[in-house]
Amino acid sequence: ALKSGDQVRLFGFAGRPSADSGSVSGTAGFATLHRTAAGIDYGTQESNYTLSLVTLDQRLQRRSLIILFTEFTDPTAAELMIAAAARMLKRHRVLFVLFHDTELDSILDQRPADADDVIRTNIAHTLLRERRIVIERLRRLGIEVLEATPDDLALALAERYVRDRERP
């Protein structure tokens, strides 16, 4: 995006916005994005999508492609995330980027050997079902979703960006 002349912004949040590179362009902007990314740390706060996406929307001056790298683990948080993302659609295009959960898939692929394995399999099935429901709801709202394995995510995102950039 930087090499092609697009403006890019890195905005990070958890319980509240915590990182904002501002809009940068050109290859020199990579250093700013790198410094901003380096300042993002893991935390235990649940993501506040409402506050953070409203803050981001206020800082953006024009229609933008919002690429949201996130995860959701419970239905309540997912509901708040969906509502906040839907509001962003009024002005922006939104793409959710998710890691495909290969660990849950591997649990489903294994034959249960004991009662604990059956419980793990049921929990994995429930989590994956809830995840598919959220993804489908996002898509029905018009929000794009890109889900890929950790090894494939970077290439899949780059291909999607180039494809969407060329779209009229």
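Worth saying up front: this structure is predicted, and the values here are computed from it rather than measured. Both backbone and side-chain heavy atoms feed into the values below; hydrogens, waters and symmetry mates do not.
Here L51 contributes atom CG and R16 contributes atom CZ; the two are 9.0 Å apart, rounded to the nearest 0.5 Å. We find the CD-OG distance between Q7 and S25 to be 5.5 Å, quoted to the nearest 0.5 Å.
Using a 4.5 Å heavy-atom threshold, the side chains of R87 and L53 count as separate. Residues R137 and E79 meet the side-chain proximity criterion, which asks for heavy atoms closer than 4.5 Å. The closest side-chain heavy-atom distance from T121 to L108 is below 4.5 Å. Side-chain contact check for T149 versus F99: every heavy-atom pair is 4.5 Å or farther apart. In this structure, S21 and F11 have side chains that are not in contact, with every pair of non-hydrogen atoms separated by 4.5 Å or more. At a threshold of 4.5 Å between non-hydrogen side-chain atoms, the residues D152 and H100 do not count as touching. Side-chain contact between D117 and Q110 is absent, with no heavy-atom pair separated by less than 4.5 Å. Proximity of L95 to V145: side-chain heavy atoms (C-beta onward) are nowhere separated by under 4.5 Å.
Considering all non-hydrogen atoms of both residues, V134 and A78 come closest at CG2-CB, 3.6 Å. Among all heavy-atom pairs drawn from L56 and R9, the shortest one is CD1-CD, 4.0 Å. Closest approach of A85 and I143 over heavy atoms only: CB-CD1, 3.5 Å. V97 and L157 make their closest contact through CG2-CD1, 4.0 Å (heavy atoms, listed as atom of the first residue, atom of the second, distance). Minimum heavy-atom separation, N48 to G15: CB-O, 3.1 Å. Residue I107 comes nearest to A124 through the heavy atom pair CG2-CB, 3.8 Å, listed as atom of the first residue, atom of the second, then distance.
Linking ILVMFWY residues whenever their side-chain heavy atoms come closer than 4.5 Å, directly or via other members, leaves V94 and I67 in distinct clusters. If you chain together hydrophobic residues whose side chains sit under 4.5 Å apart, I82 and I135 fall into the same group. Both L138 and L98 are members of a single hydrophobic cluster when ILVMFWY side chains are connected at heavy-atom separations under 4.5 Å. Using a 4.5 Å cut-off between side-chain heavy atoms of Ile, Leu, Val, Met, Phe, Trp and Tyr, with links allowed through other members, F96 and L89 fall into the same hydrophobic cluster. Cluster membership check: F69 does not share its hydrophobic cluster with F72, using side-chain heavy-atom separations under 4.5 Å among Ile, Leu, Val, Met, Phe, Trp and Tyr.
When each of I123, D105, I133 is paired with L128, the side chain to side chain contact (heavy atoms under 4.5 Å, CB included) condition holds for D105 and for no other.
Salt-bridge annotation for D6 and R165: present, with a side-chain N of the basic residue lying under 4.0 Å from a carboxylate O of the acidic one. In summary, R131 and E71 engage in a salt bridge, as defined by a charged side-chain N under 4.0 Å from a carboxylate O. Electrostatic pairing of D164 and R160 counts as a salt bridge here, judged by a charged N lying under 4.0 Å from a carboxylate O. Salt bridge status for R93 with E144: present, with a side-chain N to carboxylate O gap under 4.0 Å. A salt bridge does not link R132 to E147: none of the charged side-chain nitrogens sits closer than 4.0 Å to a carboxylate oxygen. The pair R140-E136 meets the salt-bridge criterion, since a charged nitrogen lies less than 4.0 angstrom from a carboxylate oxygen.
Between Y49 and F13, the gap from one ring centroid to the other is short of 6.0 Å.
Listed by chain and number, the residues in a side-chain contact (heavy atoms from CB on, under 4.5 Å) with E46 are D74, A77 (sequence neighbours excluded).
Between the side chain of R91 and the backbone N or O of L60, at least one donor-acceptor pair lies under 3.5 Å. Under a 3.5 Å cut-off, the side chain of T50 and the backbone N or O of A84 do not form any donor-acceptor pair. With hydrogens and angles disregarded, a donor-acceptor distance shorter than 3.5 Å links the side chain of S64 to the backbone of R62.
Counting side-chain heavy-atom gaps under 4.5 Å among Ile, Leu, Val, Met, Phe, Trp and Tyr, V54 is found in no cluster with other residues.
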TODO: Just do the side-chain contact (heavy atoms from CB on, under 4.5 Å) check on T70 and M81 with the steps written out, would you?
DONE: CA-CA 10 Å; T70 192; M81 178 190 70; 4.1 Å; yes
